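Down below is the structure, laid out as C-alpha cells.
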Amino acid sequence: MTVSTQTPLVRHAVPTTPQNWTVDAVADLFDIPFNDLLYRAQQVHRANFPEGEIELATLLSIKTGGCPEDCAYCPQAARYHTGIEAGKLVPLAEVVAAAQAAKQNGATRFCMGAAWREPKGRDIEKVQAMVSAVKSLGLETCATLGMLTDEQAVQLKESGLDYYNHNLDTAPEYYGKIITTRVYQDRLDTLGHVRRAGLKVCCGGIVGMGESREQRAGLIAQLANLDPYPESVPINHLVQVAGTPLQGTEPLDPLEFVRTIAVARITMPQARVRLSAGRRELGEAVQTLCFLAGANSIFYGDKLLTTGNPEAEADRDLLAKLGLKTIAERAAANCMECDARTGS
Ligand code: SF4
C-alpha cells in the first residue's frame, strides 16, 4: 500500500512584525560593492529558502487593451497608439484550457490579468467563475484587475482566490511622472482592501522608467514597509513599447537591475521575488545573476501551447543548466525520497 509520503515544501508566511526601512537605509544597500551585495543577498536567500526552488507562474491576459488609465509604460492604455486592439473578456473555457496547459508545463500559479481601471460588479462575477475553475485544477490562483473595493476583494477571496496583484510601480516621488489618472494612495487603499479580505498580496514595481537610484530605493522601502510586506514581489524591467511615452527612455544598466533584485531579497527575506516583464531581454547571464541575487520566481510560458512552447523550453533549459529545480520538481523529488525511505 502506498501511504501518503509527500513532504510538503516549507510554506513561507511573511512575518507580521512591521518593518521600518528608511529610504536612506535601502539606498545604502544599493551602494554596497556588487560582489558583497550579492553575497549578502545569497545568505539571506539560503536562510529563508534552503531548498532554493523556483516558482513558475503563468500569466494569462483575460481582457486585453482599451484601458482608460494613462500608465506611461503600458501598451494597453487606450490613449497610446501601440497597435493593441481592445478585446472582450475571454470565455471561461479558454481560461480553463490555458490553466490546464500551464499546469502541464509545470506552473504552480496561474495569474489572470485584465486591463481595467477597476472591475464592475458583473466583471467580478465572471472572474469569480474563472478563479473557482482554475483553483479546482490544483493551481494557486492570482488576479490583477485594477483597483478593488473592500467588497470585491471579499468576493474574490470567497471564490478561491489566493493572491491579488496590484503593483506600486515606483516611488511615491516619481509616481506622478508615470501615472496621472490615479494617485499612490489609491493603490495603497486597494492593497489594504486585499489584506483585509485575507488575500495574499503580490505587489512590486517597474525599474528602468527613468527613475533615480534613490527612487528605486524609495520603491523598495515602500514595499518592504507594507505591513506585512507582500508574499510575492514582481520586479519588472521596463520593456519599451513603441507608441508609449516611455519609448526612448535611457535604458537601465542590467547590473543595476540585479542590484534591485538583491536589495528586494535582503529587505523582504521571505517573499517570492519574481523576475517579470523584461526578463528574457536581459539574456541568460543577467538572469543567472538575478537568481544568485535571490530571485526565486519567474513569469513563464505566457504564450501557452500544450507542446512546443519555445520560450517555456528556453526557460526550462536555463533552469536545468543552473541545476535549479521548480517547486513542482522539488515536491516530486521530495516525494520520491520519502517513498525510498519508507519502502513504499
Ligand atoms: S491600469 Fe493596467 S492595463 Fe491600464 S494602463 Fe495601467 S498598467 Fe495598463
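The basis for the numbers below is simple: all heavy atoms, side chains too, and nothing from hydrogens, waters or symmetry mates. Remember, it's a predicted structure, so these values are computed and weren't measured experimentally. Whatever order the structure lists ligands and atoms in, that order sets their numbers, starting from 1.
Exactly one of D162, V154, L161, L191 qualifies for a side chain to side chain contact (heavy atoms under 4.5 Å, CB included) with L199. That residue is L161.
Considering only non-hydrogen protein atoms, atom 8 (Fe) of ligand 1 sits nearest to C74 SG, 2.3 Å. Protein heavy atom nearest atom 4 (Fe) of ligand 1, with residue, atom name and distance: C67 SG, 2.3 Å. Protein heavy atom nearest atom 1 (S) of ligand 1, with residue, atom name and distance: R182 NH2, 2.9 Å.
Under 4.0 Å is where a charged nitrogen must lie from a carboxylate oxygen, and between K63 and E85 no such pair does. No salt bridge links D227 with R195; every basic N to acidic carboxylate O contact stays at or beyond 4.0 Å. A salt bridge links E140 and R109; the closest N-O separation between the charged side-chain nitrogens and carboxylate oxygens is under 4.0 Å.
Within the 4.5 Å cutoff, no side-chain heavy atoms of L223 are placed close to those of Y229.
The closest approach between any non-hydrogen atom of H166 and ligand 1 is not below 4.0 Å.
When heavy-atom distances to ligand 1 are checked against a 4.0 Å cut-off, K63 has no atom that comes that close, whether in backbone or side chain.
Between the side chains of T244 and Q247, no donor N or O sits under 3.5 Å from an acceptor N or O.
Protein non-hydrogen atoms do reach within 4.0 Å of atom 6 (Fe) of ligand 1.
Counting atoms of ligand 1 from 1 in the listed order, those under 4.0 Å from a heavy atom of A115 are 3 (S).
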